[in-house]
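Predicted model only: the values in this text are computed from it and were never measured.
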Amino acid sequence: MTTRNVIRTDDAPAPVGPYNQAIAASGQTIFTAGQIAIDPATSQLVHTGDVAKQTEQVMTNLEAVLKASGASFADVVKTTVFLANMEDFAAVNAVYARYFDEASAPARACVEVSRLPKDVLVEIDCIAVV
């Protein structure tokens, strides 16, 4: 049986996006590989130069991996977002927020990196518990 509880405390900073401070979960743990904006039908990079559209493709890819493992976005307890440019934070958040209810959203880290595979603008991985 899976349990999933949102952890919140006023003794730490409130989230600045659609995520929570922590999630306590038990059950089978699924660790996804980082996903980038590759269309699985063509194996080609898509939406070069458009971080919002790349994020949509990344989330579609993550959803497919989660589904194949018997999970969904509702089961995700932690994500890591890698950005080529932190200036894209708001645009990525806008897309990301469509996939997670803010009240139960997973914990998250977001970092700017010097370079991502295939020079994409965003990469996201996640941990789910089912």
Side-chain angles (χ1 to χ4, degrees):
M1 176 177 215
T2 301
T3 62
R4 185 178 190 283
N5 298 309
V6 173
I7 308 298
R8 291 188 188 134
T9 178
D10 292 334
D11 294 329
V16 295
Y19 61 93
N20 278 293
Q21 293 165 318
I23 302 290
S26 65
Q28 180 183 13
T29 306
I30 299 157
F31 300 85
T32 71
Q35 297 296 309
I36 61 175
I38 291 180
D39 181 339
T42 63
S43 297
Q44 297 298 311
L45 179 64
V46 294
H47 311 300
T48 56
D50 188 329
V51 73
K53 287 185 178 181
Q54 281 197 4
T55 304
E56 290 170 8
Q57 183 65 55
V58 167
M59 297 305 284
T60 297
N61 294 347
L62 276 174
E63 187 171 39
V65 173
L66 289 168
K67 183 178 178 182
S69 67
S72 70
F73 284 120
D75 301 307
V76 173
V77 297
K78 173 73 167 72
T79 63
T80 306
V81 178
F82 303 94
L83 298 176
N85 185 340
M86 195 56 79
E87 296 294 321
D88 292 334
F89 184 82
V92 170
N93 259 352
V95 175
Y96 181 96
R98 296 196 317 249
Y99 293 86
F100 297 107
D101 175 56
E102 193 165 329
S104 61
R108 183 181 82 182
C110 182
V111 296
E112 180 180 88
V113 296
S114 63
R115 191 168 181 203
L116 289 164
K118 298 188 177 282
D119 293 318
V120 296
L121 304 174
V122 59
E123 178 176 355
I124 302 174
D125 68 17
C126 67
I127 301 169
V129 178
V130 293

Inset, instruction - Report yes or no: do Val111 and Val120 belong to one cluster of Ile/Leu/Val/Met/Phe/Trp/Tyr joined by side chain heavy-atom distances under 4.5 Å? - result: yes
Legend entry - Closest contact, heavy atoms only, Ala105 versus Pro18: CB-O, 3.3 Å
Inset, instruction - Supply the atom-to-atom distance Asp75 CG to Ile127 CD1, rounded to the nearest 0.5 angstrom. - result: 13.5 Å
Legend entry - Close side-chain approach of Val46 and Lys53, heavy atoms under 4.5 Å: no
Inset, instruction - For the residue pair Asn93 and Arg108, establish whether any side-chain heavy-atom pair is separated by less than 4.5 Å. - result: yes
Legend entry - Any side-chain heavy-atom pair of Glu123 and Asp125 under 4.5 Å: no
Legend entry - Spacing of CD belonging to Gln54 relative to CD1 belonging to Ile36, to within rounding of 0.5 Å: 8.5 Å
Inset, instruction - Using a 4.5 Å cut-off on heavy atoms from C-beta on, say whether the side chain of Asn20 contacts that of Ile7. - result: no
Inset, instruction - Evaluate ring-ring contact (aromatic ring centres under 6.0 Å, His included) for Phe100 paired with Tyr19, printing each intermediate quantity in order. - result: CA-CA 8 Å; Phe100 297 107; Tyr19 61 93; over 10 Å; no
Legend entry - Gln21 side-chain N/O to Thr9 backbone N/O, donor-acceptor pair under 3.5 Å: yes
Legend entry - Any donor-acceptor N/O pair, Arg4 side chain to Val76 backbone, under 3.5 Å: yes
Legend entry - Same cluster (ILVMFWY, side-chain, under 4.5 Å), Val65 and Tyr99: no
Inset, instruction - Would you indicate whether the side-chain heavy atoms of Pro40 and Gln57 approach each other to under 4.5 Å? - result: yes
Inset, instruction - Look at the side-chain heavy atoms of Ile, Leu, Val, Met, Phe, Trp and Tyr, link any pair under 4.5 Å apart, and say whether Ile38 and Val81 land in one connected group. - result: no
Inset, instruction - Using the rule that two of Ile, Leu, Val, Met, Phe, Trp, Tyr join whenever any of their side-chain heavy atoms come within less than 4.5 Å, decide whether Val92 and Leu62 are in one cluster. - result: yes
Inset, instruction - Using atom types as modelled and distance alone, determine if a side-chain donor or acceptor of Glu112 lies under 3.5 Å from a backbone N or O of Met86. - result: yes
Legend entry - Side-chain heavy atoms of Val6 within contact of Ile23, under 4.5 Å: yes
Legend entry - Interatomic distance, Thr55 atom OG1 to Ile124 atom CD1 [nearest 0.5 angstrom]: 5.5 Å
Legend entry - Under 3.5 Å donor-acceptor, Thr32 side chain and Cys126 backbone: yes
Legend entry - Single-linkage hydrophobic cluster Met59~Leu121, side-chain heavy atoms < 4.5 angstrom: yes
Inset, instruction - Answer whether the closest heavy-atom distance between the side chains of Thr79 and Tyr96 falls below 4.5 Å. - result: yes
Inset, instruction - Taking the side chain as every heavy atom from C-beta outward, state whether Val95 and Glu56 have any atom pair closer than 4.5 Å. - result: yes
Inset, instruction - Determine, stepwise, if the pair Asp88 / Val122 fulfils side chain to side chain contact (heavy atoms under 4.5 Å, CB included). - result: CA-CA 9 Å; Asp88 292 334; Val122 59; over 6 Å; no
